[in-house]
Amino acid sequence: MIRKLVLSIIALTIIQIQSRADEGMWIPMLLQKYNIEQMQEMGFKLTAEDVYSVNQACLKDAVVIFGRGCTGELISDKGLIVTNHHCGYGQIQYHSSVENDYLTNGFWAMSQEEELVNPGLSVTFLKRMDDVTDAVLEGTTEGMEDKERNKVIAANIKAIKEEAVKDTHYKAVLKPFFHGNQYFLFVNEIYKDVRLVGAPPSAIGKFGGDTDNWMWPRHTGDFSMFRIYADKDNKPAEYSADNVPYKPGKHFSVSMKGVQEGDFTMVFGYPGSTYQYVPSYHLEMLTETVNPKLIDVRTEKLNIMNRYQEADPAVRIKYAAKNARISNSWKRWIGENRGLEILDAINKKQKQEEAFVKWAKVKAPEYVDLLSKYKSIYKDYANYNLTYGYYREMIRSNGMELVYLASQMEALKAIYEGEEVNEDAANAVKAKLVERAERFFKDYYKPLDKEISAQLLGMYASNIDKAFQPEIYTLINSKYKGNVEKYVDYLYKKSIFDDKDLVLDFINNFSSKSIKALEKDPAYVLNNSFETVYTDKVYPQLNKYRSELAVLNKDYMAAQMKFESDKVFYPDANFTLRVSYGQVKGYTARDAVYYKHSTSLEGIMEKDNPDIYDYRVPAKLKELYKNKDYGRYEVDGSVPVCFAATNHTTGGNSGSPVLNAEGHLIGINFDRAWEGVMSDLMFNPDQCRNISLDIRYVLFIVDKFAGAGYLLDEMTIVE
Ligand code: ARG
Ligand code: GLU
């Protein structure tokens with residue numbers, strides 16, 4: 001009996017430890033101190049040094065920042081890397097044409113000679129990181145004015161970075177952690193010759209499209225492969241035909257062992273940003289003010305886009321990437337609001353805050369008024385933040401496209417307004433703008449843009465404070481009696497920016513004399529009218545609130561760490577390398593609905609529907625299915641596709657390696673499940689799940705579907 005009791009107590013504490021472990025994005029160099037014991041209790045077989053070390057090759061040497069916002073990992077000693085399809089999307093599209101439509105058909109280099117060069121793409125390795133808090137804060141004192149303090153800090157940061165990479169080809173990055181309570185230096189090495197090796201067709205790589213995005217159960221084969229090239233000394237080099245495949249210090253072994261529910265998982269990558277320590281006022285701002293309005297405006301954009309895209313296949317292609325971009329955050333905001341509400345997150349935060357204030361009154365009087373300070377800032381900040389967000393939706397973030405193109409001419413105008421015109425600079429800007437304009441018109445459809453513009457101008461007027469209405473509305477209200485459609489008719493008739501030839505001509509022949517014409521163009525006028533409001537009325541206030549919040553956030557963070565002094569805190573994500581650990585696990589989504597932890601090819605065939613664009617299964621895959629031609633990838637009569645786990649991840653973790661207890665690659669992270677997308681603000685271990693592609697599906701597609709099995713020969717596959 002006693003033995004039983006002891007055992008169940010042990011079991012209980014293990015469960016408790018495990019459920020706490022899921023939350024958190026941990027700093028690799030501090031695993032030894034905070035995490036490794038717990039990781040090992042959960043099944044991890046490696047040491048902290050195996051994960052991160054400056055003295056020996058370790059797992060971190062096999063992880064890269066892919067491009068600007070994703071993660072990728074090495075899977076061979078010849079520089080082969082894998083990331084998501086949606087991370088390589090830009091490159092796949094870049095190489096695609098009507099004749100060679102790699103988005104639709106996929107692409108596989110059948111030898112290294114066939115790999116495709118990607119101008120502008122780079123991968124970044126972390127060489128080492130250091131806690132430089134003391135050096136950054138040197139010379140600051142208690143009670144120093146914020147302005148003065150920031151100056152000292154900025155100077156220190158500059159010096160530390162310079163010193164760190166002196167006489168090397170490395171790049172230094174220095175970032176605040178815990179809202180400026182700690183600072184870390186990162187020394188990076190950047191490789192710039194990264195070639196496309198292969199990608200499945202979108203019907204696999206983007207299977208389920210935006211319908212399934214942010215959802216579980218999932219069946220997306222979201223991967224693409226690239227290869228890093230280096231010079232003869234294995235050092236970074238610009239593209240050259242003489243470059244050779246990069247020899248990494250470490251590459252991941254690929255596991256064929258698969259996943260069972262409860263297995264240990266570790267995600268090692270670059271989460272972008274989270275907001276775990278904000279006050280309840282921040283959640284109120286998002287759920288009550290900002291998210292609903294931005295969701296509405298994007299809903300309307302998407303309605304219009306979808307309608308035009310459904311009606312015309314050419315428009316569908318032109319707006320595919322734009323639609324995906326708008327839709328991705330739109331859907332996440334909806335899920336975030338839903339998740340926060342179900343969690344009763346505001347209430348939970350308020351309860352914590354009450355307890356915090358009570359504690360501060362007794363133990364830390366200097367923190368007593370932090371929350372009331374927050375309250376008074378958020379009261380107005382929420383509205384400024386919304387206005388700023390809305391403004392971005394109007395013009396910059398896939399809003400009025402014609403107006404955005406007109407706004408790009410500002411750079412030329414600036415050059416020709418000067419006393420003396422630097423012709424070289426002018427020509428460089430012209431070349432860039434010509435390229436931009438050409439790309440713009442390749443994916444432009446005027447009737448769609450026109451309808452969105454009318455919609456946006458109408459929505460802005462009724463959703464944003466009168467105080468922030470640009471001057472242009474005076475014209476709309478007087479001359480066009482408030483009829484935005486009529487105004488938009490005039491705008492698109494009069495402006496030159498809807499006509500490719502006129503625009504290219506205008507750019508190429510731009511001179512000081514063109515400034516007048518530009519200033520008269522109604523699209524330019526419209527942009528200017530919005531810009532003026534923002535420069536004069538919005539930015540200054542917004543920046544003031546932001547710097548006040550930065551100071552408060554720093555203090556509140558420090559205060560929370562004192563308030564809960566026995567808790568181990570992890571820093572908010574800031575696009576630096578982190579470790580999240582958890583386990584493979586299904587979840588209860590809602591009343592009576594339990595989701596299993598993994599999906600298979602059966603689910604792809606269940607979704608197959610030639611009438612729904614997102615669910616068209618390629619013929620070759622159907623054939624493999626019909627013949628059960630699964631080879632070594634067969635598991636229980638099918639092929640595994642994706643799995644869900646409890647790792648705490650966010651945007652930027654896309655493409656991250658998902659590792660098992662041995663540190664072998666079992667999957668590639670690419671999304672989160674609908675019920676848990678509020679995890680950037682509050683984590684719920686019962687429902688927050690990251691979604692990974694099962695590495696065995698990747699191998700199956702490469703080998704059986706694409707016939708590029710030669711790539712498997714360079715991998716280290718563990719059976
Ligand atoms: N939701 C995933 C992420 O945030 C996948 C995005 C891919 N884009 C899309 N619109 N389906 O990046
Ligand atoms: N798809 C996201 C990305 O591109 C990862 C999903 C998430 O936000 O967790 O990074």
Side-chain angles (χ1 to χ4, degrees), residues 22-25 63-73 83-90 92-93 103 199 202-216 218-224 265 267-276 298 301-302 305-306 309 316 319-336 339 397-398 572-578 580 582 613-615 642 644-658 667-681 683-684 687-693:
D22 311 324
E23 179 174 355
M25 303 169 170
V63 182
V64 294
I65 298 177
F66 180 85
R68 288 203 197 93
C70 281
T71 307
E73 57 271 16
T83 184
N84 290 147
H85 185 264
H86 78 262
C87 296
Y89 203 72
I92 304 165
Q93 180 176 33
L103 279 179
S202 296
I204 288 175
K206 203 177 170 2
F207 182 76
D210 288 303
T211 314
D212 285 7
N213 193 22
W214 299 115
M215 306 279 236
W216 181 257
R218 191 64 156 275
H219 301 89
T220 313
D222 200 343
F223 77 99
S224 56
T265 51
V267 175
F268 202 10
Y270 283 85
S273 30
T274 58
Y275 311 86
Q276 308 295 159
R298 287 201 178 192
K301 281 186 195 178
L302 287 166
M305 264 187 197
N306 290 338
Q309 286 181 277
R316 184 181 55 69
Y319 281 78
K322 295 177 195 174
N323 192 315
R325 216 174 305 134
I326 296 174
S327 166
N328 195 40
S329 300
W330 168 78
K331 200 165 174 184
R332 180 169 49 78
W333 292 329
I334 297 174
E336 204 165 79
S397 311
N398 297 103
D572 266 324
N574 58 359
F575 205 55
T576 60
L577 187 59
R578 301 291 180 90
S580 312
Y613 180 76
D614 287 339
Y615 291 145
C642 294
T646 61
N647 304 80
H648 193 180
T649 54
T650 188
N653 269 127
S654 272
S656 297
V658 185
I668 306 167
N669 188 75
F670 72 96
D671 210 359
R672 273 175 289 162
W674 183 243
E675 293 76 9
V677 294
M678 69 295 180
S679 64
D680 290 352
L681 296 137
F683 191 88
N684 172 12
Q687 290 197 313
C688 289
R689 295 292 178 270
N690 62 314
I691 301 177
S692 305
L693 181 57

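When a residue number appears, it is its place in the shown sequence, counting from 1. Read the numbers this way: they start at 1 and go in the same order the structure lists the ligands and their atoms.
- Smallest separation of non-hydrogen atoms from Phe66 and Cys87: CE2-O, 3.6 Å.
- Relative to the ring axis of Tyr270, Arg578 does not place its NZ or CZ within 45° and under 6.0 Å from the centre.
- The aromatic rings of His219 and Phe207 lie perpendicular to each other, with more than 60° between the two planes, well past the 30° mark.
- For ligand 2 and Arg672, the ligand atoms under 4.0 Å from any heavy atom of the residue are 7 (C), 8 (O), 9 (O).
- Near Gly652, with a cut-off below 4.0 Å to any heavy atom, the atoms of ligand 2 are 3 (C), 10 (O).
- For atom 2 (C) of ligand 2, the closest heavy atom belonging to the protein is Ser654 OG, 2.8 Å.
- At a 4.0 Å cut-off, at least one heavy atom of His86 sits close enough to ligand 2 to count as contact.
- Using a 4.0 Å heavy-atom criterion, the residues that approach ligand 1 are His86, Lys206, Asp210, Asn213, Trp214, Ala324, Asn328, Ser654, Phe670, Asp671.
- Donor-acceptor pairing under 3.5 Å is lacking for the side chains of Asp22 and His648.
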From CA spacing to verdict: side chain to side chain donor-acceptor pair (under 3.5 Å), Asn323, Asn306: CA-CA 8 Å; Asn323 192 315; Asn306 290 338; 2.9 Å; yes
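- When every heavy atom of Ala199 is checked against every heavy atom of Ser224, the shortest pair comes out as CB-CB, 4.1 Å.
- Inter-residue side-chain proximity for Ile668 and Glu73 is flagged as met; some heavy-atom pair is nearer than 4.5 Å.
- At a cut-off of 3.5 Å, with distance as the only test, no side-chain donor of Asp222 or Thr220 sits close to an acceptor on the other residue.
- Of the protein's non-hydrogen atoms, Asp671 CA, 3.5 Å is the one closest to atom 6 (C) of ligand 2.
- In Asn84, neither the side chain nor the backbone holds a heavy atom less than 4.0 Å from any atom of ligand 2.
- The 12-atom threshold is not exceeded at OH of Tyr613, counting heavy atoms of other residues, nucleotides or ligands nearer than 6.0 Å.
- Close contacts between ligand 2 and Asn653 involve ligand atoms 10 (O) [criterion: under 4.0 Å to a heavy atom].
- For the pair Cys70 and ligand 2, the shortest N or O to N or O distance does not fall below 3.5 Å.
- Using a 4.0 Å cut-off between heavy atoms, Tyr270 makes no contact with ligand 2 at all.
- Residue Phe670 has at least one N or O atom closer than 3.5 Å to an N or O atom of ligand 2.
- Side-chain contact of Asp680 with Thr650: a donor-acceptor pair under 3.5 Å is present, judged by distance alone.
- No hydrogens or angles considered: a donor-acceptor pair under 3.5 Å links the side chains of Asp212 and Tyr615.
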